[in-house]
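Have a look at the structure below, then the notes.
Counting starts at 1 for both ligands and their atoms, in listed order. As a basis for the values below, the full set of heavy atoms in this structure was taken, side chains included, without hydrogen atoms, waters or symmetry mates.
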Amino acid sequence: MGFEGIGASVRRKEDHRFLSGAGNYTDDLNRPGQVYAVFVRADQPHARILGIDTAAAQAAPGVLAVYTGADMAVDGVGGVPCGWQIHNKDGTAMAEPPHPVLATGKVRHVGDPVVAVIAATRQQAKNAAELVTVDYEDLPAISGVKDAVAPGAPLVHDDVPGNLCFDWHIGDKAIVDAAFAHAAHVVTLDLTNNRLVPNALEPRAAIGDFDRSSGDFTLYTTSQNPHLIRLLMGAFVLHIPENKLRVVAPDVGGGFGSKIYHYAEEAVVTWAAGKLRKPVKWNADRSEAFISDAHGRDCASTASMAVDKDGRFLALRVSTLANMGAYLSTFAPAVPTYLSATLLAGVYTTPAIYAEVKAVFTHTVPVDAYRGAGRPESTYLLERLVDVIAHDTGLDRVAIRKLNFIPRDAFPYQTPVALNYDSGDYQATLQAAMLSADWDGFPARRRAAAARGKLRGIGMSTYVEACGIAPSKLVGQLGARAGLYEVANVRVHPTGSVTVFTGTHSHGQGHETTFAQLVSDQLGVPMDQIDIVHGDTAKIPFGMGTYGSRSLPVGGSAMVKAMDKIIAKGKKIAAHLMEASVEDIEFKDNRFTVAGTDKSKSLTDISLAAYVPHNYPIEELEPGLDETAFYDPKNFTFPGGCHITEVEIDPETGIVSVVNFSAVDDVGRVINPMIVEGQVQGGVAQGIGQALMENAVYDSGAQLVTGSFMDYQMPRAHDFPQMKTSTENTLCTHNPLGSKGCGETGAIGSPPSVINAVVDALRDYGVRHLDMPASAQKVWSIIQANQPRMAAE
Ligand code: MCN
């Protein structure tokens, strides 16, 4: 057995299960007597429901029930709640219109569920769903943020004037205005962050189950966050007390944010299971996923930087319109505000920042956090703006970044937009990335490409992000309606093997491996004797799930705390068994030793004594070796880094190829370098997808025209070069591991570096900025419309 502890690239324990088809996904689960739900969804983006005729569907073969919103209302079923409340500039609360589980009165986006048909087979439910007729009166609809705030725009919710969900701000406007008045340069950029459809490998699925003898409900669901689903669905939607509701999220095939939220379908199958006294299963097909999973990003900003004559940033002013979609999804209001605007200092010393965010409702699928959640938006804005400042002022884009970096000796660093960064070294990640990308050798590669008739560009982005979101007290003040601690229960069994119950959820991140490494490192137990259990509210004390790259910094820290308690108790037992004082007992490599002697006991000796307490300090200690810890972090963690992209453009077709990609990230102490590399690569793949291809497009009538893989371009393996990734780490100063999250860094750092490279490749065509995605069509049109200003160097 090689070294399996912190820092080892241990192969993923879970992969054998997944690769050999032994994974246990929600769709693999089948309950005895199970029946199937299919949803009739709005095909109109905005319409009044004049009538619903379910008679033919009710009479169709195999149909057990056909439910509408009215049926659920009779039972007192509540609407889908939102988990975060933002306050307006004037202190009033955001508009929070009802989000019925099944639409009543009106439909507000294509895909809004209206009717649930339950039948003995899925096909019968589908057939019957076709027989439901909904009589609609079409109403005008809007999809874009600018349309939503246009005078006279159709209202998504009658009682939300101007479609304005909230009008929020952060920072000191007067200080910023004063700085702008004295700036040598003011550089302004309008930019949009394109709308994305999350496409995890596994579409969503749910099974509601009801046990007649106990009266207990169980929901099996594709979730990143089973305890939160239990809390929201139990307390606000179905009014089932937690002791009567179990939520199980078994193996989940990717989520990327889209499976954090509580969705209507989960409530419908659980409620219907209670009504029918039968398990009710629902699976989304891919087309359904496109119009029912929360989308990501979708905002438009105007950003202005006041710059002094040497290129120092004096003040930043940002105004953003953010799309919430038709209803508020679980965390949506936090995304453009506390997860984005608070990051607008980035890695720079900009002394004054003012940002305002207007969030609007539109007739589109709800928008919520998608890998990076707010931080890709602020990073894209800043890092594009810095390149445009260089473009407009003639200053060098690397020099201007270095000039404005927060110096390594300035930490902890308080930004003007609330965050306090604990550690970082942005010069180091920049230097390492430039070396890795051979930045200095680029002009020669550009000349060589030009000789082949190709346009070549290089771009960088430097970033910092906030993950492991915390502490609960602070986020509560900022509007979170839940705590953001994490829970771990570490159970050392009588013969020394270990089970860890964690409130986080792994849906691709390799927790079964990295968390076992943590335990192996601290307790000295071999990894094959450690099991990591997640995703079941009946087994795990509590948890806040996985998102915001929190599982290691918050969940891992809870494990460390629980293991500290195990060791502390073990020392007392060891002291008793070896007739020594507790202060003299040391624990290392699985053994409790009396300091300075050769007397020692293994963890197994101690656990056996704890469960078979024949010789045990029973007056002082309870039997058993099983400890739980709740860890509430003191601060976010702040990964940072530098991503460099090199692209080549074929001017004949406009196709942009990413030919080199280097990422150097600071993720604090690394538990498993191979898993971190995989996480960064995955995030970069999504970032390149956003920058070059992915785009959710609604037409002027608010119909989603990119509703399938035929129209929504997903990146494929051949779209990526061999990425170079490495880390230059500074330790997190406030969690016991020193680790920062790594799950989103790739998606945060990469998009602006790609667009900066594309703009660089097109610099002879007079391009100052282009919006994502830099599709072949867009790039080709630019090339066609502009003559090159000069021959390439
Ligand atoms: N890790 C490590 N050393 C570090 C940091 C992390 O070894 N310094 C390891 C962790 O132990 C964990 C993995 O890297 O195994 C990711 O850890 P972390 O950064 O804590 O992120 P989470 O586990 O909380 O995952 C959430 C993050 C987010 S927010 C999205 S979105 C995302 C992502 O992870 N969705 C994913 N990565 C994904 N990967 C897959 N395959 N599928 C998804 O849906």
Side-chain angles (χ1 to χ4, degrees), residues 5-10 12-15 18 196 198-202 222-225 249 251-261 293-294 296 331 335 339 368-376 465-469 484 486 502-519 521 532 534 543-559 633 636-639 641 665-687 727 729-732 735 737-748:
I6 291 177
S9 282
V10 177
R12 289 169 36 124
K13 281 177 79 172
E14 47 270 78
D15 281 354
F18 294 140
L196 303 172
N199 272 297
L201 213 53
E202 179 203 26
T222 47
S223 177
Q224 303 175 214
N225 210 345
D251 287 332
V252 173
F256 309 109
S258 67
K259 292 173 183 163
I260 304 173
Y261 322 117
D293 293 4
F331 284 145
V335 175
L339 295 178
D368 208 324
Y370 172 67
R371 199 172 195 169
R375 292 146 289 160
E465 63 124 331
C467 63
I469 174 168
L484 284 169
E486 200 38 88
T502 169
T504 60
H505 190 280
S506 187
H507 33 281
Q509 296 90 342
H511 295 176
E512 288 170 46
T513 306
T514 50
F515 290 168
Q517 284 181 259
L518 270 191
V519 176
D521 199 274
I532 307 296
H534 59 252
M544 294 311 302
T546 283
Y547 44 86
S549 304
R550 68 189 303 276
S551 302
L552 179 64
V554 189
S557 296
M559 282 170 214
F636 300 76
T637 71
F638 296 97
D665 299 292
D666 171 358
V667 297
R669 176 165 289 118
V670 171
I671 307 304
N672 183 320
M674 186 175 63
I675 284 183
V676 169
E677 185 180 3
Q679 283 293 308
V680 173
Q681 286 181 350
V684 169
Q686 285 180 298
T727 59
N729 298 312
T730 60
L731 296 185
C732 169
N735 72 35
L737 287 163
S739 297
K740 309 175 184 183
C742 75
E744 296 162 290
T745 56
I748 293 167

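Contacts between F256 and ligand 1, counted as non-hydrogen atom pairs separated by less than 4.0 Å, involve both the backbone and the side chain. Contacts between Q224 and ligand 1, counted as non-hydrogen atom pairs separated by less than 4.0 Å, are absent for every part of the residue. In T514, the part holding a heavy atom less than 4.0 Å from any atom of ligand 1 is the side chain. Residue contacts with ligand 1, taken as heavy atom pairs separated by less than 4.0 Å, involve E744 solely via side-chain atoms from C-beta onward. With a 4.0 Å heavy-atom cut-off, ligand 1 is reached by the side chain of T546 but not by its N, CA, C or O.
In this structure, F515 and T504 have side chains that are in contact, with non-hydrogen atoms separated by less than 4.5 Å. With contacts defined as side-chain heavy-atom distances shorter than 4.5 Å, the pair H511/S551 qualifies.
Taking all heavy atoms of H511, K259, R371, Q686 into account, the minimum distance to atom 32 (C) of ligand 1 is reached by R371. Evaluated by nearest non-hydrogen atom to atom 1 (N) of ligand 1, the leading choice among I260, T727, L552 is L552.
The ligand atoms of ligand 1 that sit less than 4.0 angstrom from a heavy atom of Y547 are 29 (S).
Not close to ligand 1: G683, with no non-hydrogen atom less than 4.0 angstrom away. Ligand 1 has at least one atom lying under 4.0 Å from a heavy atom of G548. Using a non-hydrogen distance threshold of 4.0 Å, A200 does not register as a contact of ligand 1.
In this structure a side-chain-to-backbone donor-acceptor pair under 3.5 Å is present from N672 to V10.
Considering all non-hydrogen atoms of both residues, V252 and K259 come closest at CG1-CD, 3.7 Å.
Polar contact with ligand 1: absent for G741 (N/O pair, distance under 3.5 Å). Not a single N or O atom of I675, backbone or side chain, sits closer than 3.5 Å to an N or O atom of ligand 1. Of the N or O atoms in G257, none lie within a sub-3.5 Å distance of an N or O in ligand 1.
Side-chain contact, E14 with T513: a donor N or O sits under 3.5 Å from an acceptor N or O. Looking only at atom types and distance, the side chain of K740 has a donor-acceptor partner in the side chain of T730 under 3.5 Å away.
Of all protein heavy atoms, the one closest to atom 15 (O) of ligand 1 is Q509 O, 2.7 Å. Nearest non-hydrogen protein atom to atom 44 (O) of ligand 1 is G255 N, 2.7 Å. Closest to atom 8 (N) of ligand 1, if we only count protein heavy atoms, is R669 O, 2.8 Å. In this structure, atom 14 (O) of ligand 1 lies nearest to the protein heavy atom C742 SG, 3.4 Å. Annotation: atom 5 (C) of ligand 1 to nearest protein heavy atom, K740 O, 3.2 Å.
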